[in-house]
> 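Structure below; questions to follow.
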Amino acid sequence: MANGQQPSTHNMTEQELLRRESLQKLRELGIEPYPAEMFEVTHHAADIVANYQEEILEDGSKNRLNYQTVALAGRIMAAREAGKAMFMNLQDASGRIQLYLRRDDFVASPDGATPEAPMFDMVIKKLLDLGDYVGVSGFAFKTKTGEVTIHVQQLKFLSKSLRPLPIVKRDAEGNIHDAFTDPEQRYRMRYVDLTVNPEVRATFVKRTRLIKTIRAFLDELGLLEVETPILQPIHGGAAARPFKTHHNALDMPLYLRIANELYLKRLIVGGFDGVYELGKMFRNEGMDRTHNPEFSMLEFYVAYKDYFWLMDVTERMFERIARALSDDGGTKIQSGAHVLEFAGPYRRLTMFDAIQEYTGLNVETADESALRNYCRQQGIEIDKTMGKAKLIDEIFGEKVEKHLIQPTFLIDYPVEMSPLTKKHRSKPGLVERFELFVNGKEVGNAYSELNDPLDQRERFEEQLNLAARGDEEAMAMDEDFLRALEYGMPPTAGIGFGIDRLAMLFTGQSSIQEVLFFPQMRPETH
RNA sequence: GAUCUCGUAGCUCAGUCGGUAGAGCACUUGACUUUUAAUCAAGGAGUCAUGGGUUCGAGUCCCAUCGAGAUCACCA
């Protein structure tokens with residue numbers, strides 16, 4: 001405690017009290033449980049386990065060939081006493097390795113051992129608890145059961161753990177016993193989750209590899225990584241409700257960005273050929289297993305390109321991600337019952353053709369009332385405010401989306417739903433837009449960007465009409481963005497991906513909370 | 001936001017018809033100098049999420065609140 005107060009101990013559990021007593025006893029013995037000086041780590045558990053070598057001599061004895069002097073640091077995760085010897089499992093960032101300690105090795109230990117409190121019997125056997133961080137030094141060997149083990153000659157406390165960790169055990173068949181599984185506790189105490197559930201750690205390592213792969217790909221493509229404002233005076237670029245805040249010095253409202261699209265396009269106006277941003281977006285909407293109020297997006301914009309070019313680039317990027325994240329370096333990813341193939345080219349299907357294929361309905365020739373009848377007949381929820389474009393979108397969402405398992409580009413959307421997208425070069429009423437669907441879910445959204453400033457102004461005005469009719473998600477007029485377009489933006493292709501969704505896809509997780517270290521939670525009540 | 005399910009020891013979970021709170025691991029004490037879900041013996045550990053109600057009596061039945069999960073609605 002900062003003010004030197006002792007925390008009250010009256011509502012601590014038995015085990016917490018015992019650990020505090022152990023801490024006190026260590027101090028009384030002159031052993032500092034939280035030493036300041038660094039501990040020099042020379043090796044990591046996984047490397048030793050993987051690379052230890054020994055040879056059998058002619059007389060049958062063994063000769064250890066490497067790791068004769070090692071120092072490791074980590075948490076003690078298991079301990080098995082065997083008389084005057086002891087086995088422990090040490091867990092460091094690389095994995096686990098077994099430790100072997102003998103009483104004889106600690107009889108004359110310089111580390112605070114006294115006749116009244118021998119290092120082994122008193123300190124190691126009694127005052128060392130599971131979860132403590134220790135530094136150990138010794139040599140590697142193989143036990144007679146064949147497990148690579150560190151024969152510990154010195155042990156140093158690095159940090160005492162005052163709370164018992166959940167004990168997760170794994171038997172010889174690999175079955176996990178007493179796993180720490182309660183999602184609430186796992187998300188609230190991710191540090192505990194990461195400590196005891198190695199597969200959770202592996203998921204997050206994969207997430208980072210996903211992001212690094214994307215960065216490398218886009219850097220090689222020659223795009224410039226940029227940062228744009230998170231606090232925006234006008235929230236634009238997407239249809240969503242924002243978080244609102246207030247800047248005191250300027251005495252003005254600000255919004256946490258729901259998208260960065262309009263800023264990235266300003267940079268294309270400014271003369272950059274290609275830019276990308278990886279960052280957090282914030283949307284003040286409902287939460288469920290695919291939505292968190294803050295989430296990560298990748299957006300990139302490239303001048304002189306169109307949406308066909310983006311489809312090619314997307315195929316190459318996804319193939320590379322798959323190779324980086326699959327277990328075998330291949331392009332296939334197992335996801336539930338499906339094996340997803342990320343080697344391109346992906347199927348390209350117009351929205352109208354997709355609906356025709358999966359419903360038999362020709363939405364191009366059907367009029368609004370025919371679509372309404374179809375929806376009613378199929379039990380698709382609709383309301384009176386929905387125009388033809390919205391009805392088509394509803395039919396697609398209900399009847400088609402779930403069938404798009406293998407990566408599929410769905411192309412050419414009605415103009416009404418895409419206020420920032422260039423009109424189709426040859427199909428009236430449509431825009432040059434695609435969404436990428438994988439595993440029945442949308443993972444990316446792209447288009448040939450609208451760069452006609454007069455057309456863009458009309459689209460914003462249509463949005464204002466929607467807002468006037470009560471649409472809380474309609475976009476606001478952004479005069480500065482229009483001014484930028486009036487100066488001239490080259491033809492540009494742009495695309496956005498939900499990074500968390502990609503992380504879920506490539507790690508086989510069905511909840512966004514499993515790919516966010518700290519998903520949003522209601523406050524704990526004590 | 002709606003509906004359903006759940007909340008019991010540090011962890012994972014039992015708890016029958018409403019009748020003194022249970023197990024395994026973890027913890028404590030003891031035995032064991034190559035064990036490994038170590039084993040063996042003994043022991044301790046609980047505001048049954050919180051607050052009300054019904055009842056002679058509530059972990060159990062009822063109501064409210066808090067938290068979580070699932071499904072739906074909205075969205076990426």
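Every chain is numbered from 1, with letters handed out A, B, ... down the list of sequences.
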> Quick check on salt bridge (Lys or Arg N to Asp or Glu O under 4.0 Å): which of A/Arg207, A/Arg186, A/Arg289 does A/Glu514 satisfy it with?
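By the salt bridge (Lys or Arg N to Asp or Glu O under 4.0 Å) criterion, A/Glu514 pairs with just one of A/Arg207, A/Arg186, A/Arg289: A/Arg186.
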> Applying side-chain contact (heavy atoms from CB on, under 4.5 Å), can you list everything that pairs with A/Pro242, at least two apart in sequence or on another chain?
A/His235, A/Tyr255, A/Ile258
> Within the structure shown, what part of the strands sits under 4.0 Å from A/Ala78 by heavy-atom distance: base, sugar-phosphate, or nothing?
nothing
> Report, one pair per line, the protein and nucleotides 25-27 of chain B atoms (nitrogen or oxygen only) whose separation is under 3.5 Å.
from: B/C25; atom 1: O3'; to: A/Lys169; atom 2: NZ; distance (Å): 3.0
from: B/A26; atom 1: OP1; to: A/Lys169; atom 2: NZ; distance (Å): 3.1
from: B/A26; atom 1: N3; to: A/Gln15; atom 2: NE2; distance (Å): 3.2
from: B/C27; atom 1: O4'; to: A/Gln15; atom 2: OE1; distance (Å): 3.4

> Can you list the stems that include RNA chain B, where a stem is three or more consecutive Watson-Crick or G-U pairs with distances under 3.5 Å?
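Result, WC/G-U stems under 3.5 Å: B:1-7 with B:66-72, B:10-13 with B:22-25, B:27-31 with B:39-43, B:49-53 with B:61-65.
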> Under 4.0 Å, counting only non-hydrogen atoms across every strand here, what does A/Gly83 touch: a base, just sugar-phosphate, or nothing?
base
> Does a side-chain N or O of A/Arg102 approach OP1 or OP2 of B/U34 to a distance below 4.0 Å, or not?
no
> Centre-to-centre under 6.0 Å for A/Phe139 and A/Tyr52, is that the case here?
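No; A/Tyr52 has its ring centre 6.0 Å or more from that of A/Phe139.
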> Aromatic ring centroids of A/Phe342 and A/Phe506 under 6.0 Å?
yes
> Describe the nucleic acid contact of A/Glu294 in one word from base, sugar-phosphate, nothing, applying a heavy-atom distance below 4.0 Å.
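No contact.
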> Considering only atom C1', compute the distance from B/C48 to B/C61 and round it to an integer number of Å.
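Here B/C48 and B/C61 have their C1' atoms 15 Å from each other.
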> Would you say the rings of A/Tyr307 and A/Tyr447 are close, in the sense that their centroids are separated by under 6.0 Å?
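Judged by ring-centre distance (under 6.0 Å), A/Tyr447 and A/Tyr307 do not meet the cut-off.
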> With sugar-phosphate meaning primed atoms plus P, OP1 and OP2, does A/Asp182 contact a base, only sugar-phosphate, or nothing at under 4.0 Å between heavy atoms?
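Sugar-phosphate, backbone atoms only, no base.
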> Across the strands shown, which category fits A/Ser511 at heavy-atom distances under 4.0 angstrom: base, sugar-phosphate, nothing?
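Contact class for A/Ser511: none.
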> Using a 4.0 Å heavy-atom cut-off across all strands, classify A/Glu81 as base, sugar-phosphate, or nothing.
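A/Glu81: base contact, heavy atoms under 4.0 Å.
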> Between A/Tyr346 and A/Phe409, is the ring centre distance below 6.0 Å?
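Centroid separation for A/Tyr346 and A/Phe409: below 6.0 Å.
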